[in-house]
Amino acid sequence: MTGTDPNQLLPDLDRLRARVRAGQRATSAPMLAFGALIVGYAAIGGLYAGQLHAGGRHLTLLLYWPLATAVGLVALWRSARRRAGQDGVGEGRRTYRSATRAYLVALVLIVVLFIPVLFIGVFTPMIWPAAVLAAVACWQRNRLLGTWAAAIGVAGGAESVYVIANQGLGPAWWLLQPVVYTALGLALVAGGLVIGRRERATA
Amino acid sequence: MTGPEPGTHPALDLDDAVHQKTRLALLTVLDEAGRADFPYLKRTLALTDGNLGRHLDVLAQQGLVHITKGYEGRRPRTWAAITPQGRQALAAEMSVLAALLSRFRDNGSGPAT
């Protein structure tokens, strides 16, 4: 904080906000959590490819994202609480506790009123985590996280469109799909680690 | 605090309790964090114990922050949390500062970009 001249003060205050957000690991924490969940999805999909019939595989994958999202949000909530205890920085106005509650209410409404939404997790599996990350980014007004969510959504969506448009793809593609998802998950984790290092330096 | 009347200078709407730069920084940190403990605020704003305590007292007297003192285990811990009035006062201050900056730039006295 250099002075009370608005020309200097407003950018100083923006930097202060960025420092608090870095202390909260506002960008890296959700990227690491959902990157790990995408890798988990790829592992389960790869494990079951060719071993289960499509119905059993689809049932497993149908349940994966609704449950994994709840697990991811609760993990983020607990880690934010632990950070508040350790470092003394609060979770902010838009907490993961509220996000988890809102998600669970939305999930109940989806199950009761619009169950086909759940099939997003089966047929366009990267759209689900991308949508959750985009919602968290909007909720917390985090542009960088929103950019990563869009990148995952576009890459995963393009892959799904390619698969749907080429129904005659051989079994090799189904074996390759988990590799594509693993790459996307690892890209998110790697990005989260780099951003996390920057956040630690800033905070 | 209400918006400036037509023809009045926005600087007249600055609230002394909030406009002081350390208190403005404190409110900004608390607005982003919701709440923060004493050591975090001291470290982030590079303040001494006495300085931080004095500014937090001023903000608490105005009802802009709420101070909670307690123990975690045997360790005493003081938390400061921003109140809804604190958020309102900060938002009003930021809009006055933005108005001042816009006026400053409209007058052609802003920095060359």
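In what follows, every chain begins at residue 1, and chains take the letters A, B, ... in the order their sequences are listed.
When side chains are defined from C-beta on, A/Leu13 counts as touching B/Met94, because their heavy atoms get closer than 4.5 Å. No side-chain heavy atom of B/Thr44 sits less than 4.5 Å from a side-chain heavy atom of A/Val89. Side-chain contact between A/Arg93 and B/Ile82 is absent, with no heavy atoms from C-beta onward closer than 4.5 Å. A 4.5 Å side-chain heavy-atom check between A/Asp14 and B/Thr28 finds every atom pair outside the cut-off.
Distance check, rounded to the nearest 0.5 Å: CD of B/Glu32 to CD of A/Glu91 gives 13.0 Å.
Counting non-hydrogen atoms of other residues, nucleotides and ligands closer than 6.0 Å to CZ of B/Arg54 gives a total above 12. Within a 6.0 Å sphere centred on CZ of A/Arg97, other residues, nucleotides and ligands contribute 12 heavy atoms or fewer.
Nearest heavy atoms, B/Leu90 versus A/Arg17: CD2-NH2, 3.6 Å. Taking each heavy atom of A/Asp87 and B/Asp37 in turn, the nearest pair found is O-OD1, 4.1 Å. Smallest separation of non-hydrogen atoms from B/Ala33 and A/Val20: CB-CG1, 3.8 Å.
Contact annotation for B/Arg43: both backbone and side-chain heavy atoms come within less than 4.5 Å of a heavy atom of chain A. In this structure, chain B has a heavy atom under 4.5 Å from the backbone of A/Gln86, while its side chain stays farther away. Using a 4.5 Å cut-off between heavy atoms, A/Gln24 contacts chain B through its side chain alone, with no backbone atom that close.
We find that B/Lys21 and A/Asp12 are not joined by a salt bridge, their nearest charged nitrogen and carboxylate oxygen being 4.0 Å or further apart.
In this structure a side-chain-to-backbone donor-acceptor pair under 3.5 Å is missing from A/Arg19 to B/Val29.
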